[in-house]
Amino acid sequence: MKMIHWKNDSIMGRMEPYSNFLFIDIVEDLGGYKGIRILHHSIASACLEELERSCSMRVSDITMEILHCDLFFRVRSVKDRFMSSIKKMLIARERKKDGDERETFSPLIGKIHKDQGRKTVQDIFVKASSRFVTSAYIPQALARYLYIKEKDFPEALQWAEKAKNIKQNPFTFDTIGQIHKSNLKSNNPRGKQETLRNPEDLNTNIKMAENAITAFRRAQVLANEEDEPETEAADDESEDYPRNSYNVFGYLGVLDIVFLVFEILSKLPFFEERDPKKKRYLQSFLKKIMPITSVYKEENEINNRYVEIIKEHEQFLQSLKTQVKDIFELLVYYFTNIKAKNSEFDSKNRRNISQLFKKYLALFCTTSEEIQKERHGNPKFNLEIDIVQRRYFLEEKGADTFAGILQHLDNPAEEIESITECYAFLRQQQFINQHQKTKETINYILSNIVLYLLKPKSKQVKSHRYLSDLLLNTLQEVGRWYSFPDPYYLALLLLWPSPRQENTDIVTYVKAIRNSKLLVLSFRNRSTIAHLYLGKEEGLKRLVSKRQLGENFEKMRRDTLAQIWRNGDIFKDKAIINRLQRVSGTTEQGELFAIYGKMKIPVRPAFIAGIRSGASTEKVSFYLGFAINGPLAYDIQYDN
């Protein structure tokens with residue numbers, strides 16, 4: 001009822017004697033109008049119970065009546081709020097009481113499913129889909145219902161595709177991937193060791209896995225491109241991935257599918273995991289060392305058909321190990337360098353990924369006993385075995401990636417010392433290709449820096465001059481468009497100018513780090529962590545780790561220490577002031593720069609409110625931290 005007609009016909013008057021249960025909500029927008037609501041959730045709930053008891057009118061009947069009534073769906077802006085509530089009741093899932101995960105469905109759908117089952121739920125969703133024709137989240141919710149509650153994967157897939165055709169976003173593609181994943185799991189129940197009796201089931205499962213990976217990868221690409229998920233999506237966040245967590249659910253989906261495929265293959269007669277020799281065949285096949293035709297197997301019709309199917313999908317199957325390794329490397333980057341927004345949920349993700357990584361090691365990393373056996377059996381290949389053994393060691397310690405080495409800043413010095421020794425050995429060998437040489441050289445330089453910070457007198461540590469020269473050669477080789485920010489990050493650590501010495505190329509490296517493909521795709525609008533800070537000394541001594549700064553606060557409670565790190569108050573402490581170098585800078589047009597002579601180096605404020613708004617130029621000073629996406633300014637002070 002518009003305000004202009006309110007006095008002519010009063011709803012509150014007509015609702016006597018129950019008007020004290022009602023609440024008039026005044027909305028100023030769109031010319032002004034009033035809406036009416038029941039005063040409290042408990043009263044509304046009791047009304048529904050009474051309607052059901054005395055009038056035999058269920059919530060499903062009321063829902064269908066609303067969806068049936070054309071009056072509510074005529075184009076009038078004042079109806080939008082009511083329609084939004086109806087849609088929300090169908091798709092919005094509440095958080096569980098014991099954590100950040102959500103219930104499987106909205107409370108309304110949960111009740112209707114419990115009381116009346118599939119047909120009623122599906123009828124409501126189908127009717128709602130015809131009303132909200134531009135909303136992808138109604139067919140998406142029906143797709144989720146069909147595959148989770150009913151295990152009807154073909155029809156679930158039809159509705160998921162309909163949702164995707166309405167709106168291509170991370171959530172609609174993720175639902176398609178989840179349907180394939182659930183179907184794949186139902187076809188291959190864990191704990192059952194028997195092989196597939198029908199080779200055609202293997203063919204079906206591999207095709208399903210390919211489709212799932214395609215969907216999850218597309219979901220991740222779209223997630224990386226989004227600055228913030230749209231509001232409607234936030235009401236039905238896909239598969240319990242909170243909005244304020246790392247946005248990596250596409251990567252997690254791919255990992256789940258790949259390890260399901262590994263499990264399926266390990267049950268085949270000639271790859272059976274329980275037999276060490278057959279497990280070695282599977283390992284060699286997935287590593288592209290041995291084609292399927294060279295794998296020993298009994299000659300029979302079933303095995304021959306298995307081979308035909310695997311040959312048909314050989315390229316896909318042999319790409320899985322590389323896919324998994326790349327994803328693990330990228331996820332280590334996330335967890336090492338990005339500040340967690342939802343610690344409980346992200347800790348769960350890290351635990352899941354850690355379990356999958358252990359499976360990866362168990363499948364692909366040969367044990368030390370097996371390596372020794374190979375050494376005795378093939379003495380002519382001792383050098384090759386030494387190389388393989390060291391690479392397995394690096395992989396096992398998570399030190400075959402740049403971010404994995406950074407994590408060793410918090411580990412015992414003995415580990416990083418062994419890691420540095422491994423890289424020193426590998427650098428003396430012939431590299432398979434230039435990419436591998438570049439990567440291992442970069443990792444070697446970083447391992448030296450980490451080792452110096454933990455054990456400066458180690459015999460494995462090279463000098464600042466040696467590491468700088470090695471890095472400069474590497475920077476010449478990779479240019480300014482290396483996919484990962486690793487070499488440019490090292491340039492910040494080793495080549496950052498001092499008051500007595502300028503380095504004019506440092507601006508180039510700061511710009512290169514911001515343009516690296518990994519950061520552009522994955523780290524946009526993310527708060528990153530500075531693992532190292534600029535100190536007052538020279539050479540490697542000028543690098544100070546976050547762990548070293550924290551040593552001055554060992555008696556402080558952990559939650560208190562975490563809080564002063566978060567709000568920046570830690571930089572007011574005298575011990576920190578004495579340890580770190582304060583850098584002069586300037587703000588221009590809202591941008592922040594560090595000043596060294598005539599050189600201006602772009603720097604980001606560590607906190608959004610760190611610099612004043614406005615176009616004026618002002619002199620400032622600050623402490624510098626080095627994050628994977630460039631230099632960060634802490635405790636910014638204005639000279640005036």
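Not measured: the values here are computed from a predicted model.
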Give me the ring orientation class for Tyr251 and Tyr334: parallel if the planes are under 30° apart, tilted from 30 to 60°, perpendicular past 60°.
perpendicular
Any chance the side chains of Asn448 and Thr420 put a donor and an acceptor closer than 3.5 Å?
no
Identify whether the distance between the nearest side-chain nitrogen and carboxylate oxygen of Lys325 and Asp400 falls below 4.0 Å.
yes
Treating Tyr488 as the side-chain partner and Tyr482 as the backbone partner, does any N or O pair qualify as donor plus acceptor under 3.5 Å?
yes
Report the C-alpha distance between Ile419 and Val450 in whole Å, list the side-chain angles of each, state the deciding distance to 0.1 Å, and finish with yes or no for side-chain contact (heavy atoms from CB on, under 4.5 Å).
CA-CA 10 Å; Ile419 289 164; Val450 174; over 6 Å; no
Sub-3.5 Å donor-acceptor pair from the side chain of Glu94 to the main-chain atoms of Glu103, do we have one?
no
For Ser458, all residues meeting side-chain contact (heavy atoms from CB on, under 4.5 Å), sequence neighbours excluded
Glu417, Leu451, Lys455, Gln460, Val461
Does any non-hydrogen side-chain atom of Arg604 lie less than 4.5 Å from one of Arg514?
yes
Measuring only between side-chain heavy atoms, which start at C-beta, is Ile148 closer than 4.5 Å to Ser182?
no
Test: Arg144 cationic atom under 6.0 Å from Phe105 six-membered ring centre, within 45° of axis:
yes
Could Lys459 and Glu421 be called an ion pair, given the rule that one side-chain N must be under 4.0 Å from one carboxylate O?
no
Asp174 and Ala219: which non-hydrogen atoms are nearest, and at how many Å?
N-CB, 3.9 Å
Less than 6.0 Å separating the ring centroids of Tyr489 and Phe626?
no
Determine whether Leu286 and Gln318 satisfy the following criterion, side-chain contact (heavy atoms from CB on, under 4.5 Å), listing intermediate values before the conclusion.
CA-CA 5 Å; Leu286 293 172; Gln318 292 190 326; 5.7 Å; no
Please examine the side chains of Val254 and Ile327, heavy atoms only from C-beta on, and report whether any two atoms are closer than 4.5 Å.
yes
Within a strict 4.5 Å, meaning less than it, do heavy atoms of the Lys462 and Tyr452 side chains meet?
no
Go through the steps to decide whether Thr528 and Asn337 satisfy the test side chain to side chain donor-acceptor pair (under 3.5 Å), and finish with yes or no.
CA-CA 5 Å; Thr528 47; Asn337 295 297; over 6 Å; no
CG/Leu624 to OH/Tyr533 distance, rounded to the nearest 0.5 angstrom?
11.0 Å
salt_bridge(Glu551, Arg579) N-O dist < 4.0 Å:
no
Hey, does the side chain of Arg390 reach the backbone of Phe425 with a donor-acceptor pair shorter than 3.5 angstrom?
no
Hey, what do you get for CZ (Phe364) to OG (Ser284), rounding to the nearest 0.5 Å?
10.0 Å
State, yes or no, whether a side-chain contact exists between Ile628 and Phe402 at a heavy-atom distance under 4.5 Å.
yes
Using every non-hydrogen atom in the two residues, find where Asn411 and Leu454 come nearest and quote the distance to one decimal.
O-CD1, 3.5 Å
Main-chain N/O of Tyr444 paired to Ser447 side chain as donor or acceptor, under 3.5 Å:
yes
For a side chain to side chain contact (heavy atoms under 4.5 Å, CB included) with Tyr306, tell me which candidate from Leu265, Asn203, Ile292, Leu202 qualifies.
Leu202
Would Tyr360 and Phe328 count as a close aromatic pair, with their ring centres under 6.0 Å?
yes
Does the pair Leu252 and Asn352 meet the rule for a side-chain contact (heavy atoms from CB on, under 4.5 Å), with working shown?
CA-CA 9 Å; Leu252 297 174; Asn352 290 342; 5.8 Å; no
With the side chain counted from C-beta on, respond yes when Phe216 and Val221 share a heavy-atom pair under 4.5 Å apart, and no when they do not.
no
Just wondering, do Ile570 and Leu549 contact through their side chains at under 4.5 Å, heavy atoms?
no
Less than 3.5 Å apart, any donor N or O on the side chain of Gln323 or Arg217 sitting next to an acceptor on the other?
yes
Rounded to the nearest 0.5 Å, the CZ atom of Phe335 sits from the CG atom of Leu330 at a distance of 10.0 Å
Of all heavy-atom pairs linking Tyr634 and Ala606, the shortest is CE2-CB, 3.4 Å
Taking side-chain contact (heavy atoms from CB on, under 4.5 Å) as the definition, give me every residue that meets it alongside Lys277, ordered by chain and number, with sequence neighbours left out.
Asp275, Tyr281
Asp256 bridged to Lys181 by N-O distance under 4.0 Å:
yes
Hey, what do you get for CD1 (Ile264) to CG (Leu184), rounding to the nearest 0.5 Å?
4.5 Å
Residue pair Ile416 / His408: nearest heavy atoms and the distance that separates them:
CD1-CB, 4.1 Å
Spatial distance of atom CD (Gln429) from atom CD (Glu440) [nearest 0.5 Å]:
10.0 Å
Passes salt bridge (Lys or Arg N to Asp or Glu O under 4.0 Å), Glu396 versus Lys358? Steps please.
CA-CA 9 Å; Glu396 184 182 2; Lys358 288 177 183 176; over 6 Å; no
Is a side-chain donor-acceptor pair under 3.5 Å present for Gln140 with Thr172?
no
Verify, without hydrogens or angle tests, whether Thr336 (side chain) and Val332 (backbone) share a donor-acceptor contact under 3.5 angstrom.
yes
Test item: side-chain donor near acceptor, His313 and Glu210, under 3.5 Å
yes
First locate atom CD1 of Ile257, then atom OG1 of Thr214, and finally report the distance between them rounded to the nearest 0.5 Å.
10.5 Å
Output yes when a side-chain donor or acceptor of Gln548 lies under 3.5 Å from a complementary backbone atom of Ser545, and no otherwise.
yes
Minimal heavy-atom distance between Leu146 and Ala156, with the atoms involved, is CB-CB, 3.8 Å
Quick one: closest heavy-atom pair of Ser186 and Phe153, and the distance?
OG-CE1, 3.5 Å
